[in-house]
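Notes follow the structure.
For reference, positions follow the sequence shown, starting with 1.
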Amino acid sequence: MHTHKKLNNGFEYIEINNSSASAKIALNGAHIFHYEQKGKKPLLWLSENSNFEHKKAIRGGIPICWPWFGTSIKQTQPQHGFARTSLFELTNINELDSNTTELSFKLEDSYETRKLWDYKFLLEFTVTISDKLTMKLKTTNNDSKEFKITQALHSYFLVSDISDVSIKGLDKRPYLDALSMENKVQNSEITFNEEVDRVYQEVDKTIIIQDKNRFIIIQNEGSSSAVVWNPWIDKCSRMSGMKDDAYKSFVCIESANAFDDFKIIKPKQTHILKATLF
Ligand code: BG6
């Protein structure tokens with residue numbers, strides 16, 4: 001079953017409830033801000049202080065960072081691109097069976113997007129809600145010149161306490177430490193006792209979040225980079241839409257094409273970034 005919902009300010013989202021999971025997806029940014037397998041805790045973290053407003057990203061869930069990840073070359077352009085603050089069109093909802101709902105969204109270039117990034121494009125986002133959350137982000141170049149993208153499915157995962165969390169699957173991988181801008185190599189699993197902001201490269205398909213009483217699996221395709229981020233105490237207190245102690249209850253593991261893993265897309269060509277979370 002799915003229901004279209006609208007807040008008093010006109011902010012629209014779709015609520016999905018099938019036999020295996022429930023989810024909420026906003027049209028603003030095609031932003032998944034809730035996903036929960038039946039009988040389990042929510043997989044995604046959502047800030048208690050988040051905005052639900054047009055042209056603003058929700059703090060939590062899965063913002064889509066596109067067509068660039070992080071800051072762009074021109075410092076005046078919005079961090080993480082414009083997809084997460086753009087209104088997508090819902091093109092299809094398909095209840096494939098009682099356990100599986102598939103939703104499709106699209107965003108095309110407009111006068112607004114061309115002011116920020118002067119290319120013709122089609123961005124299609126397909127989400128499958130079942131006992132796994134599957135996302136497919138397909139970029140098509142509809143322009144006559146090639147373009148370059150970096151991107152991320154910026155998943156905020158709910159964890160019991162960040163101090164009890166470890167990330168497996170990134171050992172021996174090179175990474176850019178975005179705090180010192182140094183290139184380093186991971187040596188062991190990742191644990192958290194300070195701010196972490198890293199872009200891992202040469203990443204294999206599977207990454208595992210080991211939490212106190214559960215583990216979460218992330219499987220990526222069309223991507224060989226992953227961002228690992230937790231703002232820790234100081235940055236968290238400076239961030240918009242976050243309570244001061246919010247850093248304790250989430251970790252971001254972002255399925256990405258970032259840093260050296262950028263994609264050049266030629267006219268009429270496509271690229272698909274896929275992530276499956278469970
Ligand atoms: C992460 C970046 O992907 O996103 C961090 O690595 C950044 O540096 C974080 O702080 C949140 O960004 P924003 O724009 O949503 O506040």
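Looking only at distances, a side-chain donor or acceptor of Thr91 sits under 3.5 Å from a matching main-chain atom of Ser104. The closest donor-acceptor contact from the side chain of Trp45 to the backbone of Cys252 lies at 3.5 Å or more, if one exists at all. For the pair Ser50 (side chain) and Gly241 (backbone), a donor-acceptor distance under 3.5 Å is absent. Side-chain atoms of Arg59 come within 3.5 Å of backbone atoms of Ser240 as a donor-acceptor pair (strictly under, hydrogens ignored). Side-chain atoms of Asn18 come within 3.5 Å of backbone atoms of Ala21 as a donor-acceptor pair (strictly under, hydrogens ignored). Between the side chain of Arg198 and the backbone N or O of Gln186 there is no donor-acceptor pair closer than 3.5 Å. Formation of a donor-acceptor pair under 3.5 Å by the Ser249 side chain with backbone atoms of Ala246 is found in this model.
Other residues, nucleotides and ligands contribute more than 12 heavy atoms inside 6.0 Å of the NZ atom of Lys38. By the 6.0 Å contact criterion, NZ on Lys263 is enclosed, its count of non-hydrogen atoms from other residues, nucleotides or ligands being greater than 12. More than 12 heavy atoms of other residues, nucleotides or ligands sit less than 6.0 Å from atom NZ of Lys235.
Within the structure, the side chain to side chain donor-acceptor pair (under 3.5 Å) test picks out the following pairs touching residues 266-278 (sequence neighbours left out): Glu146-Lys266, Asn257-His271. For residues 129-141, the set of pairs meeting the side chain to side chain donor-acceptor pair (under 3.5 Å) definition, not counting sequence neighbours, comprises Trp66-Thr139.
Under the rule for a side chain to side chain contact (heavy atoms under 4.5 Å, CB included), Asn193 has no partner lying at least two apart in sequence or in another chain. Among residues two or more places apart in sequence or in another chain, the side chain to side chain contact (heavy atoms under 4.5 Å, CB included) test is passed with Ala23 by Ile16, Tyr35, Ile129. The salt bridge (Lys or Arg N to Asp or Glu O under 4.0 Å) check on Glu95 picks up nothing, with sequence neighbours excluded.
The aromatic ring centres of Phe33 and Phe52 sit less than 6.0 Å apart. Ring-centre distance between Phe192 and Trp232: not below the 6.0 Å cut-off.
Taking 4.0 Å as the cut-off between side-chain N and carboxylate O, Lys55 and Glu53 do not count as a salt-bridged pair.
Residues Lys184 and Pro174 have side chains not in contact (no heavy-atom distance under 4.5 Å, counting atoms from C-beta outward). You'll find the side chain of Gln77 stays beyond 4.5 Å of the side chain of Phe82, heavy atoms only. In this structure the side chain of Leu87 reaches within 4.5 angstrom of the side chain of His54, judged on heavy atoms.
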Please table the atom pairs, donor to acceptor, closer than 3.5 Å between any side-chain atom in residues 216-224 and protein atoms at least two apart or in another chain.
unit_1, atom_1, unit_2, atom_2, d
Asn220, OD1, Ser255, OG, 2.7
Ser223, OG, Ser225, O, 3.1
Ser223, OG, Ala256, O, 2.7
Ser224, OG, Asp261, OD1, 3.2
Ser224, OG, Asp261, OD2, 3.4

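Within the model, atoms CG of Asp109 and CZ of Arg114 stand 5.0 Å from one another, a figure rounded to the nearest 0.5 Å.
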### Task
Start with the C-alpha distance between Phe147 and Lys145, add both sets of side-chain angles, then the distance that settles side chain to side chain contact (heavy atoms under 4.5 Å, CB included), and finish with yes or no.
CA-CA 7 Å; Phe147 58 61; Lys145 49 191 185 297; over 6 Å; no
